[in-house]
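Numbered from 1 within each chain, the chains take letters A, B, ... in sequence-line order. It should be emphasised that the depicted structure is a prediction, and the values quoted were computed from it without experimental measurement.
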Protein chains: 2
Amino acid sequence: MNYSRQREAILDFLRSMKVKHPSADVVYVNVKKRFPNISLGTVYRNLNLLADNGTIAKVKLPSDADRFDHNTEPHFHIICENCGQIEDVGSALVNIDVVSIEKLSGFSVNAGRIVLKGLCPACRKKLSPIKRKDNKK
Amino acid sequence: MNYSRQREAILDFLRSMKVKHPSADVVYVNVKKRFPNISLGTVYRNLNLLADNGTIAKVKLPSDADRFDHNTEPHFHIICENCGQIEDVGSALVNIDVVSIEKLSGFSVNAGRIVLKGLCPACRKKLSPIKRKDNKK
DNA sequence: CTAAAAATAATAACCATTACTGTTTTTAAT
DNA sequence: ATTAAAAACAGTAATGGTTATTATTTTTAG
């Protein structure tokens with residue numbers, strides 16, 4: 001893997017934490033400030049390269065764009081069902097009975113990254129007690 | 001919601017369990033046997049209608065097509081990373097410390113449906129001890 | 001039987017992502 | 001420093017799952 005200025009800028013942005021768990025698109029618009037000609041494909045390719053070699057982590061969400069995380073320590077996430085913001089959840093707070101699951105299902109469990117759903121503090125305040133907008137896809 | 005023969009056939013197929021957690025596309029090709037002119041849009045619309053009114057459940061997966069489940073009882077799923085097959089996991093086998101998560105993150109938790117990752121029995125046998133094919137997206 | 005409401009088939013549009021292509025940058029060896 | 005091969009790039013086309021649109025057909029209530 002050769003050095004590239006674009007990849008460096010992408011990693012810099014992720015580590016700067018200006019946005020906490022950005023999607024490829026958010027990385028794109030931000031890195032564009034430094035590299036106005038950068039293409040979205042380049043952002044995707046580099047985010048995937050960095051995720052593949054373990055420099056960053058890819059957070060795959062159901063029905064939403066992948067997010068990228070500079071924190072590669074094992075942990076889970078919770079996503080706001082209203083605004084899509086995601087936040088870390090310590091891995092100690094979710095307990096998976098792997099042995100029983102393997103025994104009952106026959107699957108081998110790869111106690112992967114878990115995504116919980118909920119409402120972030122801002123959306124909670126904004127939407128309650130009014131029924132929140134149903135933006136399921 | 002008016003009666004429709006197509007919707008009835010879709011629900012029949014789901015309940016027949018010929019395929020366990022079918023995607024919209026699998027429902028489509030199967031219901032097509034009874035209704036050769038049915039359109040994929042009709043399948044999607046009806047699956048979503050049935051999921052919205054609680055008759056069936058929609059299982060959203062990261063980086064894979066949604067699946068539909070005739071079983072609406074709360075439970076989790078495990079997906080085979082090799083072949084995409086999904087299996088039920090009893091909700092007792094995953095313990096989420098909702099109180100602590102809410103305290104620490106500020107989110108309200110909607111202890112949603114969780115999807116674990118692993119290898120189904122068939123793929124385990126087929127791929128081990130050979131390194132399994134890496135089909136991440 | 002009829003008219004309004006709902007559902008349909010067919011197709012176009014959408015969005016996130018990947019694939020392709022010809023050009024530029026990086027690297028390692030001369 | 002020069003150069004040639006490898007890697008990365010920008011730009012764009014293509015893909016896959018899903019939703020939206022529209023004109024036609026089916027369902028239902030009166």
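At C:dT25, none of the side-chain N or O atoms of A:Gln6 fall inside 4.0 Å of OP1 or OP2 (strictly under the cut-off). Close to D:dC9, at under 4.0 Å from its OP1 or OP2, lies no side-chain N or O of A:Ser39. Considering only side-chain N and O atoms, B:Ser4 lies nowhere under 4.0 angstrom from the phosphate OP1 or OP2 of D:dT27. Taking 4.0 angstrom as the limit, A:Tyr44 places a side-chain polar atom (N or O) nearer than this to OP1 or OP2 of C:dT17.
Look at CG on A:Leu47: it is 10 Å from P on C:dT17, rounded to the nearest Å. Following rounding to the nearest Å, B:Arg34 (CZ) and C:dA9 (P) show an atom-to-atom distance of 14 Å. Across the protein-nucleic acid pair, B:Tyr28 atom OH and D:dG16 atom C1' stand 15 Å apart, rounded to whole Å. Rounded to a whole Å, the CE atom of B:Met1 is 19 Å from the C1' atom of C:dA4. Going from atom CD1 of B:Ile10 over to atom P of C:dA7 covers 12 Å, rounded to whole Å. One interatomic measurement links the two molecules: CZ of A:Arg45 to P of D:dT12, which rounds to 16 Å at whole-angstrom precision. Rounding to whole angstrom units, CG of residue B:Leu49 and P of C:dT8 are separated by 8 Å. Atoms CG (A:Asn53) and P (D:dA8) sit 11 Å apart, rounded to a whole Å.
Using a 4.0 Å heavy-atom criterion, one finds that A:Asp25 contacts no nucleic acid atom at all.
Every residue meeting the ring pair (Phe, Tyr, Trp, His ring centres under 6.0 Å) condition with A:His77, not counting sequence neighbours, appears here in chain and number order: A:His21, A:His75.
Distance from the side chain of A:Tyr3 is smallest for C:dT26 among the nucleotides D:dC9, C:dT26, C:dA16. Among D:dA10, D:dT26, C:dA10, the nucleotide with an atom closest to any side-chain atom of B:Arg5 is D:dT26. Ranking C:dA7, C:dT18, D:dT18 by closeness to the B:Leu40 side chain, first place goes to D:dT18.
Toward the 5' end of DNA chain C, the nearer of the two residues B:Asn37 and A:Asn2, judged by each one's closest nucleotide, is B:Asn37. Comparing B:Ala65 and A:Pro36, the nucleotide of DNA chain D nearest to each residue sits closer to the 5' end for A:Pro36.
A salt bridge does not link B:Lys60 with B:Asp66: none of the charged nitrogens is closer than 4.0 Å to a carboxylate oxygen. Remark: A:Asp69 does not engage A:Lys20 in a salt bridge, criterion side-chain N to carboxylate O under 4.0 Å.
Heavy-atom minimum distance, A:Ile10 versus A:Thr42: CD1-O, 4.3 Å. Summarising the geometry of B:Phe68 relative to B:Ala24, their closest heavy-atom pair is CE1-N, 4.0 Å, with the distance given to 0.1 Å.
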